[in-house]
Amino acid sequence: MKKQTIAIIGWWAAGMMVAATLAQRKMNDDRDRQILLFEKNKSLGAKVIISGGWRCNLTTGYTQRSQLQSKYTRGREFFETSLKKFTPRSVKKRCESNGVPCKMEEDMRVFPVSNDGKDVVRMFEKILDQGWVDIHYKEWIVAIEKVWESFKITSMQDTYSVDQVVLTTGGNAYSHTGSTGDGYQFARSLGHTITPLWPSLNSFVTQQDWIHALSGLSFPDAVVHLTLDQKSQKEKWPILLTHFGISGPLTFVAASLSAFETVSADSPLEIRLQPLAEMYHHIWEQFLLDASLWSKKELATILATRLPRRFAEALLIELDIPPHIPISQLSKVYRTQLADRLGRGIPLSLIQRRPGDEFVTAGGVDTSEIDPHTLESTICPWLYMAGEILNIDGVTGGYNLQMCWSTGRCVGMGM
Ligand SMILES: Cc1cc2nc3c(=O)[nH]c(=O)nc-3n(C[C@H](O)[C@H](O)[C@H](O)COP(=O)(O)OP(=O)(O)OC[C@H]3O[C@@H](n4cnc5c(N)ncnc54)[C@H](O)[C@@H]3O)c2cc1C
């Protein structure tokens, strides 16, 4: 039988999983395959290592279909097939059986117990060190062509003829790590459609510069209200105020939902930020009313029992309400205005996505052209794709890596 040659292009989350799955299958069956792995970097897994602030938030503790599905902003129906075959539980189990014990944190994010993303990369290295895979580091692929039943792969150094190709080149995010969107060109040249590409999971610059002065403050349970396609949406996650605007998980969710909106000074994305999720306007109103009856303290001091003092003072100044008046002198008009802002949300105009700091690219290869069971192209036989190159993306919390593991595994099993 002819020896099958498989080329995997791009060698981080999805590529590592494809290669490890193929390598393990190779140990267990007698089919003669040669696996070539091309990576333009000089080592592997940098983005996996920096994920989750270097700790590698490798998956989520959520296991139910509905919980998981809701976390994918695009591509959720398509992804369901591979997710079912390799679930967050499978990821955890696989890591643990390969010497990387995992822990789940309160917010359901799953990390290696060591808090060291390098352990995940070492786990893959160990599987691949067994010599099943021919690794070509520092080899930048520049073109892929279909030549009859084979593919011609051209790198900066050489050309190769292979039988099957897996594109795991990622998206455009953090392009200094090597993910420069080359895979989109390869897929396009092989007949695929690329949907519009936009940054997602990014921070935002706010027009309101009083927020910038509050850099470093965070609200663990905040709500963002926004209207997209005439539909009101609200999301509850932690948020961080920064020297340019807003960041943190809640901001990333808002970015994911609004990935295809134009955001600029001329066309800002309007949101409302409710700092404490459980404090609605009528609760704030009652709180302020009660305080005005029993306390002689200043308004800012009363608010500081619920909010960071810096935030309370800045908001009052912004609303033209004197922070240092005794609460008993707070007029009904001011009380209603304040309760409304805190309980219904402080209006913020988002005028820019922070350039270059997005975590993933929204959009990608149109999944209607891919078989969801095998991740093989329905347009170009023997071409496979996994990971961020596909038009699938989720919110923050381990969902994007989970997508890479599941689709990578499916390719490795299905080839
Ligand atoms: C800072 C940061 C933090 C993140 N944190 C998390 C997190 O905590 N949890 C989570 O789930 N997700 C997180 N993500 C997202 C997650 O890391 C990505 O979704 C994931 O890495 C995508 O994996 P991939 O294998 O599809 O592509 P990538 O990881 O982008 O890998 C693609 C690889 O292909 C190589 N390549 C590209 N073109 C070529 C070419 N022409 N020739 C050779 N090689 C090529 C690149 O060098 C790269 O190594 C984070 C992303 C960033 C940037």
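This is a predicted model, so every value here is computed, not measured. Whatever order the structure lists ligands and atoms in, that order sets their numbers, starting from 1. Count residues from 1 along the sequence.
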Counting heavy atoms only, which of K40, E39, M17, M16 comes nearest to atom 35 (C) of ligand 1? E39
Given F359, F38, W54, W12, which one has a non-hydrogen atom that is nearest to atom 2 (C) of ligand 1?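 Of the listed residues, F359 has the closest heavy atom.
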Which residue, [options], forms the side-chain contact (heavy atoms from CB on, under 4.5 Å) with [X]?
| X | options | result |
| --- | --- | --- |
| E388 | T361, N172, L401 | T361 |
| I35 | D134, I135, I8 | I8 |
| I6 | L36, V162, V166 | V166 |

Decide whether an N or O pair under 3.5 Å exists between [X] and ligand 1.
| X | result |
| --- | --- |
| A14 | yes |
| G387 | no |
| N57 | yes |

Where ligand 1 meets [X] - atom numbers and elements under 4.0 angstrom, heavy-atom basis:
| X | result |
| --- | --- |
| E388 | 18 (C), 19 (O), 20 (C), 22 (C), 26 (O) |
| D182 | 38 (N), 39 (C), 40 (C), 41 (N) |
| G10 | 33 (C), 34 (O), 35 (C) |
| G398 | 9 (N), 10 (C), 11 (O) |
| W11 | 33 (C), 34 (O) |
| Y174 | 1 (C), 53 (C) |
| N41 | 47 (O), 49 (O) |
| A13 | 23 (O), 25 (O) |

Is R109 salt-bridged to D107, going by a charged N under 4.0 Å from an acidic O? yes
Side chain, backbone, both or neither: the part of [X] lying under 4.0 Å from ligand 1 by heavy atom:
| X | result |
| --- | --- |
| L58 | neither |
| L401 | both |
| E139 | backbone |
| C404 | side chain |

Can Y160 and E139 be counted as having a side-chain donor-acceptor contact under 3.5 angstrom?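 A donor-acceptor contact under 3.5 Å links the two side chains.
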Going by the angle between their ring planes, with limits at 30° and 60°, are Y137 and W11 parallel, tilted or perpendicular? tilted
Can you classify the ring geometry of F287 versus W284 as parallel (below 30°), tilted (30 to 60°) or perpendicular (above 60°)? perpendicular
Give a yes or no answer on whether the side chain of S189 reaches the backbone of F186 with a donor-acceptor pair at less than 3.5 Å.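 Here the side-chain-to-backbone pair exists.
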Heavy-atom donor-acceptor pair, N400 side chain to G394 backbone, under 3.5 Å: yes
Contact between T180 and ligand 1, counting heavy atoms under 4.0 Å? no
Rounded distance [0.5 Å steps], NZ in K152 versus OG1 in T154: 5.0 Å
Which pairs count as ring pair (Phe, Tyr, Trp, His ring centres under 6.0 Å) when at least one residue sits in residues 208-236, sequence neighbours excluded?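 Passing the test, one end in residues 208-236: F219-F311.
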